[in-house]
Amino acid sequence: MDKTFDPRAIEARWRDTWERSGWFAPQGSGAPYSIMIPPPNVTGTLHMGHAFQHTIMDSLTRYHRMRGDDTLWQPGTDHAGIATQMVVERNLKLAGSSRLDLGREKFVEKVWEWKKYSGDTIENQIRRMGSSVDWSRKAFTMDPSYSEAVIEHFVRLHEDGLIYRGKRLVNWDPVLQTAISDLEVVQEEKDGKLWHFRYPLAGSARTQDGLDYIVVATTRPETMLGDTAVAVHPEDERYKHLIGRKVKLPLSDREIPIVGDDYVDREFGTGCVKITPAHDFNDYALGQRHKLPIINIFTHTAAINDEAPAAYRGLDRFEARKRVVADLEAQGLLAKIDDHKLKLPIGDRSGVVVEPYLTDQWFVDLTRKTLDDGRPGGWTAITEPAIHAVEGGSIKFVPENWSNTYFHWLRNIQDWCISRQLWWGHRIPAWYDADGNIYVARNEAEVRSKYQLPDDLPLRQDEDVFDTWFSSDIWPLATLGWPQETPELKKFYPSSVLVTGFDIIFFWVARLVMMGLKLHGDVPFREVYVHGLIRDSEGQKMSKSKGNVLDPLDLVDGISLDELLKKRTTGLMKPETAPKIEKATRKDYPAGIEAVGVDALRYTFASLASPGRDIRFDFSRAAGYRNFCNKIWNATSYVLMNCEEQDPNPDGQAWLSEADRWIISRLQKVEAEAAEHFRSYRFDLLAQTLYQFVWNEYCDWYLELTKPTLRGDNDSAKRGTRRTLLRVLEAILRLLHPLMPFVTEDLWQRVAPLAGKAGPTIMLQPYPTAQPEKIDETAEADVEWLKAFILGVRQIRSGMDISPKITLPLLVQDAAAADAERIARLAGSITALTNVQEPLLLAAGEEPPVSATSLLGSMKILVPMAGLIDKEAELARLRKKKAQTESDLAKNLARVSSEKFVNGAPPEVLERERARIAQQRQELAALNEQIGKIEAL
RNA sequence: GGGUGCUUAGCUCAGUCGGUAGAGCAUCGCCCUUACAAGGCGGGGGUCGACGGUUCGAGCCCGUCAGCACCCA
């Protein structure tokens, strides 16, 4: 066995073996267990969040597979319409080309090339992390069969009257030139201005103060070119007499009405609001109420169009704003400019301000109770069942409180705009004839037969594609073969759990539930495990533009500072931020990043996966778990060294020591805890429990305790210890395997045969379960006593600064019968672990020599001081102990002297408290006596 | 404005049933002891954000406030 654990070699060895052997595919006769991967976008590479999420899913998958469940982890990727199209467009731009240069067909070919590259990268990353997905079922949201399912999805909803096409105000991204949904718009607060303009009153109208104009306040002056009214509050004393009169809209030379509407906030601005129905959601609604004309003044790129006065045509919206303000000022119509904080709607992909824009789009009805023809509307048929599924417990959120987020969104849901003016995505299966009639069916042939159209009637398919989420919302169905009733669909739907981030509860989780129920009549999963976000060590979100991203594989393999700098500073959207990023990177990783291996990285993620909490990624944790892997490696090395070919008769009679029975007993409890932690998705506690058991109990104590036995000459005891060493280690490897698959597999191959286990892989071995009959409280108590005894001796040695090489004499005073019995029984362990001579029991009343002392209950552990010990050091040690004891005692005395406590606390608490006090008094007396003796020297 | 979460050791975080606060990393001392120096042994380090309430007893339950983060409008 190699001297040191080398993750790279181990990982390479097992990755391929597992996959080639077909062990990732569902098998086993147990209950079906399935997880659908949230398909990563083919926009590039996987980040830390994916690695984290995949660690959790793989741990669950491996755990259930080991439990014998028929386990499927379904892999795949998402075409991610807008996001991927943007990436490819950016690449084209760098190459001096553009989407429009290429044309649709060629462009889509380019995207497919990119998809191949990105998809392969992602697959490779998933493989590297040890994720045991069933590659034979790999899916992509634009696979032919998947596309068919998406079309089926649309057509069925359409047939149920739940899809409509309409001219609506939608969020328009002027850079991407497509509609986007409400969810794809983020509100950002910015410092802006509030401009006050004078709008002249038409005819003889005058304000109360006799002025011939009113002042409107706006944050968007350029939209005044599309104003079709000014609104005031109907009960606003200042203006209500003007309702029904008109103003002369400056610059455009149109007369527009003054309307009264209680949407107007009298306190805000001047109380007069300019109304632009074509470019503001509130104004649009108000316009509908007052039957105002709608004047669209923008082109698709948010430049001013020909509806506006000639002077402004062709200007970009921000240029137009400047011009409008300047022109109004020149005409003396600019009253004032205030500073103002405003919320800007930003496209989450393009990062530019989106415009409310009037276009024809496809929508899913999610809000109507009943359709005009009496059939159930979207609210009844889609939204409400999704709410009920969680209310009624068919789906459980973990942690539970995320269900509130889910409910809140669904209860306030809007209809969903599902068409996108993109080239990359599923074409909408709708056709138009020359008169603009719309036909929806699965393909053109079906359209003709369904609507009985003549063969020669020219039809044109809709140019638009679906919102990506409209295809991913059937992921669990489509990957299992829906709309066909495949055996896989029957077996693995609903899936067991969805592992996902809270950021896509709306985008994806809610829609999965809605469509799963609508299209297949059952929920898509039983539980939703919602994990936190991975942040950097400062708590910042990781993003390329901040330059704080980490590639999980760079932690696995390590990376030099130069390489890391290069990765972080090339291809930036804003190259000017590079120096800042470089500085921060040099500070955080002055020597680059050391390799920790996959297992350690996975263990780190698990240990930080506390519910309802984001993760600040801390490299030192990963380094710590790398050390943990090494620890396991070395412990195995010790076990093998002591067990391989050591016993000519390994099946002979075996006697189990206290230590053997103790570690076996502890193992049972750990196994029970592990099961509970898996059940409750507490990967952090699972990681902690196993770490603690392996390092602090198995390695620190048990392995040390086996040494004297194995050096001894009692064959039956040696056999018992060897057997225990092997069996517990073998169980440990299985316990750890879901979290750290590689090193456990590698070690298991060597340990298992010696532990009487056979099989080609640890992956298919049963996960250890507790056997309560092996719990041995007596052995546990013995070893706890032994540990306390040994600690007492070690404290003396360390406190006195005595070299570990010196074998100390050891006396024991005031030993109770039980202590004496234990000392006799466990003396071998004591002498071996503390380098002392056999402890000598002092008879009652026998006066010991002056000694350094530790207390264990009423018993004193004594190391004679003659020639060894620094008097002052021992005094200091004893006085410190005394001070501690006195302080504890005082606190406890205060408590029991309180009448309230005595009367109120349950008897067993009172009893425990009194026992504690007695114990502390005894200790204090012993300490005082000892201090006195040493002082007298 | 509404909502959610967080605040515990220098740092990153656990803390289950309300019963004297734990881990890793960092730190200090001793030690290259035959599994492991990526290590062993021992130690130090806490007003559990603040205030109030409930309780015999509060890190934990309730209320108010402060700070931070996120979501929604």
Side-chain angles (χ1 to χ4, degrees), chain A residues 1 3-5 182-183 186-187 343 399 401-402 404-405 408-409 412 502-503 505-506 532-533 535 537-541 594-597 600 603-604 607-642 673 676-677 680 682 684-685 687-689 691-692 695-696 699-700 703-704 706-707 710-711 725 790-805 832-835 877 880 887-889 891-892 895-896 898-906 908-910 912-913 916 920:
Chain A
M1 207 169 152
K3 174 101 175 135
T4 312
F5 155 70
D182 302 340
L183 280 178
V186 291
Q187 303 292 328
K343 290 285 178 73
N401 50 346
W402 285 112
N404 293 328
T405 307
H408 184 258
W409 185 69
N412 296 285
F502 58 82
D503 47 333
I505 288 180
F506 307 142
L533 221 62
R535 299 172 175 278
S537 56
E538 255 92 67
Q540 297 288 311
K541 216 164 153 171
E594 268 177 84
V596 300
Y603 212 84
T604 309
S607 73
L608 292 172
S610 300
R613 212 176 159 121
D614 285 351
I615 291 178
R616 286 190 185 209
F617 190 81
D618 179 10
F619 180 77
S620 67
R621 291 286 290 251
Y625 292 120
R626 189 251 340 254
N627 296 353
F628 181 49
C629 294
N630 191 48
K631 188 78 180 173
I632 298 165
W633 184 267
N634 284 305
T636 303
S637 172
Y638 168 84
V639 172
L640 293 177
M641 190 182 300
N642 283 288
E673 285 174 46
E676 172 55 24
H677 295 327
S680 55
R682 290 304 303 269
D684 57 333
L685 299 183
Q688 197 186 4
T689 299
Y691 183 99
Q692 191 281 133
W695 199 312
N696 303 122
C699 292
D700 286 349
L703 291 194
E704 295 306 319
T706 63
K707 287 175 184 175
L710 295 177
R711 277 197 296 264
L725 273 170
I790 289 169
L791 178 65
V793 179
R794 284 172 173 172
Q795 281 172 330
I796 292 174
R797 188 188 289 276
S798 180
M800 295 308 98
D801 214 0
I802 303 165
S803 161
K805 291 203 177 86
L833 268 65
T834 57
N835 191 19
R877 201 176 70 85
K880 198 177 90 190
S887 137
D888 288 350
L889 178 61
K891 237 186 292 174
N892 292 329
R895 180 170 313 169
V896 288
S898 144
E899 215 165 296
K900 279 182 176 175
F901 177 72
V902 176
N903 295 332
E908 64 272 18
V909 172
L910 197 56
R912 198 164 60 218
E913 199 64 31
R916 214 178 264 152
Q920 282 165 343

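A, B, ... follow the sequence lines: proteins, then strands. Residue 1 opens every chain.
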What contact category does [X] fall into here, base, sugar-phosphate, or nothing, at under 4.0 angstrom with non-hydrogen atoms?
| X | answer |
| --- | --- |
| A:K880 | sugar-phosphate |
| A:L791 | sugar-phosphate |
| A:Q920 | base |
| A:N903 | nothing |
| A:D700 | sugar-phosphate |
| A:E676 | nothing |
| A:R535 | sugar-phosphate |
| A:C629 | nothing |
| A:R794 | sugar-phosphate |
| A:R797 | nothing |

>> Could you work out, with ring-ring contact (aromatic ring centres under 6.0 Å, His included) as the rule, every residue matching A:W402, not counting sequence neighbours?
In response: A:F502
> side-chain hydrogen bond (donor to acceptor under 3.5 Å, both in side chains): which pairs involve residues 790-801 of chain A, sequence neighbours left out?
Replying inline: none
Rounding to the closest angstrom, what is the interatomic distance between [N] and [M] at atom [atom1]?
| N | M | atom1 | answer |
| --- | --- | --- | --- |
| B:A9 | B:C72 | P | 32 Å |
| B:G59 | B:G22 | P | 13 Å |
| B:G15 | B:C30 | C1' | 32 Å |
| B:G63 | B:G24 | P | 36 Å |
| B:G29 | B:G44 | C1' | 10 Å |
| B:C68 | B:A50 | C1' | 15 Å |

> Does the cation-pi check pass for A:K631 over A:Y625, that is, NZ or CZ under 6.0 Å from the six-membered ring centre and within 45° of its axis?
Replying inline: no
>> The criterion is side chain to side chain contact (heavy atoms under 4.5 Å, CB included); which residues satisfy it with A:P804, sequence neighbours excluded?
In response: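 Result, side chain to side chain contact (heavy atoms under 4.5 Å, CB included) vs A:P804: none returned.
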> Under the side chain to side chain contact (heavy atoms under 4.5 Å, CB included) test, which residues partner A:S637, sequence neighbours left out?
Replying inline: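 Here the qualifying residues are A:M1, A:M641.
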> Can you give the first and last nucleotides of RNA chain B, 5' to 3', that have an atom under 4.0 Å from a heavy atom of chain A?
Replying inline: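 The contact span of chain A on RNA chain B goes from B:U4 to B:A73.
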Between [X] and [Y], is there a donor-acceptor pair closer than 3.5 Å when you use the side chain of the first and the backbone of the second?
| X | Y | result |
| --- | --- | --- |
| A:Y691 | A:F628 | no |
| A:N835 | A:K805 | yes |
| A:S610 | A:R613 | no |

> How would RNA chain B look in dot-bracket form, 5' to 3', counting Watson-Crick and G-U wobble pairs with both distances under 3.5 Å and writing | for bases paired to another strand?
Replying inline: (((((((..((((.....[..)))).(((((.......))))).....(((((..]....)))))))))))).
> Are A:E676 and A:R682 within salt-bridge range, i.e. N to O under 4.0 Å?
Replying inline: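 Salt bridge flag = no for A:R682 with A:E676.
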